[in-house]
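Source: prediction; values computed, not measured. Note that ligands are numbered from 1 as they come in the structure, with each ligand's atoms numbered from 1 the same way.
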Amino acid sequence: MKQSSPRSLFATRLGVIATTVGSAVGLGNIWRFPYEAGVHGGGAFLILYIAFILILGVPVLCAEFALGRSTHRGIFGAFSSIRPNSRWRWGGIIGVVASLMILSFYSVVAGWTMEYFIVSVKGGLSGLSDAELHASFSSFLVGWRPVGWTIVFLLINYFVTARGVQKGVERISNILTPMLFVLIIAFCINSLLLPGASEGLAFLFHPDFSKITPSVVIGAMGQAFFSLSLGIGVMLTYASYFTDRTPIVRSAMITASLDTLIALLSGILIFPAVFTYGVSPAEGPTLVFEVLPSIFNRLPGGMIWSALFFFMLFLASLTSTMSMSECVVTYFVEEKGMKRKSATALTIAVAVVFGILCALSFSSLSDLTLPFIGSFNIFNFFDYTSSNILLPVGGILISVFVGRIMSRSLLTKQLSSRPSGAPSFAARVIPFILSWVAPVLITIIFLVNL
Ligand code: PHE
């Protein structure tokens, strides 16, 4: 989206939903959710994740929407237009750092989807046994191709963001995201027919509360923020293009429901296969890429399905990384007075350097040891720090700012769908959650984890 002034606002409500869903739905749902749920014991993680989406996710999303729409600015501008020259603007630094970190490791995984797309088009996976599929992914990871794909993905991102052709990509993805949805449902049905289906579903839906530890709670909270693109001003920036008639609470609920639904469906797609093909659910970041090819390989016309799926996943990733780059580029343009093209070039250059380090975390840098820190994996460090720490901290700042500093009558007006009359239920509850529940709850979770 271009930073033009006066801003061109979203023409339709569907446009609003499609763009926010475009940012929210991506690798977070299809790659990160199953891997986090797998590492953190399945059912108990799922319940916590859904609770966090409801208690924190929807209110913080409403806060970002309200702040963005009422100020029509990015996160820095939004803070400073309500509190000029205050320290609040520095909250935006968290957003920029987190966006850059996420962009870096996310692009590595998006690169894996590109590799699988090309390999599927060439028919390279058909006829391979599960062991051979596994071996081919492992040997791919230790070669140079992941580094190459990370760079290619980031360059595509550069062209899309620098030229302001996001609108075009959005239009394509508005058609393809519903198709991805239909495709996932079809693959879910296939997974439900696998011999490991009941074990997989029990793992995902049967909570074992004894498995809840502070790290499971932190992981579920981080996943809720990550999946809804919250805490760093991405949704806030998009909301600065909303019109006064966009219903904030309803848009937030629709975005959160669709996003959660897609995460759940990918769980239903992955876990039956995990138990059928004897993969460990706690495999980590590579889980989904080890399981999906085994599923596709057994379908009639499997390579066509595989190519389609990975292409759509690539596009879904692109609409998410577009929103991250936008957040960083807006900072350089608005705060540092840079031109859009140079700001994008700088953003992508930094992401390329970090992205290469993240890509090498699965090969030459896999057992990096640092003084004072010990063994260290850059990919995991970027993933953990940004999602589990920076996004929730940003969430506290946005909640406190909107709940306590922004004028209450302005907030109530933003949250109410009816312009006059008594404030709706949501308009009464959400300010309370933002001023008290969210900051206190997130702080307690951090303290317990320490
Ligand atoms: N929500 C995106 C996804 O699920 C990832 C994302 C995180 C995008 C943070 C923007 C900001 O894939």
Original post:
Is atom CE of Met253 surrounded by more than 12 heavy atoms (other residues, nucleotides or ligands) closer than 6.0 Å?
Top reply: no
Subject >> Pairs meeting criterion side-chain hydrogen bond (donor to acceptor under 3.5 Å, both in side chains) with involvement of residues 21-31, two or more places apart >> reply: Ser23-Ser229, Ser23-Ser323, Asn29-Asp259
Original post:
Under 6.0 Å from the six-membered ring centre of Trp112 and within 45° of its axis: does the NZ or CZ of Arg145 meet both?
Top reply: no
**OP:** Might you list the protein residues in contact with ligand 1, defined as having a heavy atom under 4.0 Å from one of its atoms, sorted by chain and number?
**Re:** Ser23, Ala24, Gly26, Leu27, Gly28, Asn29, Ile102, Tyr106, Phe226, Ser227, Ser229, Ile232, Val234, Ser320, Ser323, Met324
Throw together a table of side-chain donor-acceptor distances under 3.5 angstrom for residues 43-65, partners on residues two or more places apart or in other chains.
residue : atom : partner : partner atom : Å
Glu64   : OE1  : Met235  : N            : 3.3
Glu64   : OE1  : Leu236  : N            : 2.9
Glu64   : OE2  : Gly231  : N            : 2.8

Original post:
What is the distance from atom OG of Ser107 to atom CG of Asn157, rounded to the nearest 0.5 Å?
Top reply: 6.0 Å
Subject >> salt bridge (Lys or Arg N to Asp or Glu O under 4.0 Å) contacts touching residues 14-41 (sequence neighbours left out) >> reply: Arg32-Glu36, Arg32-Asp383
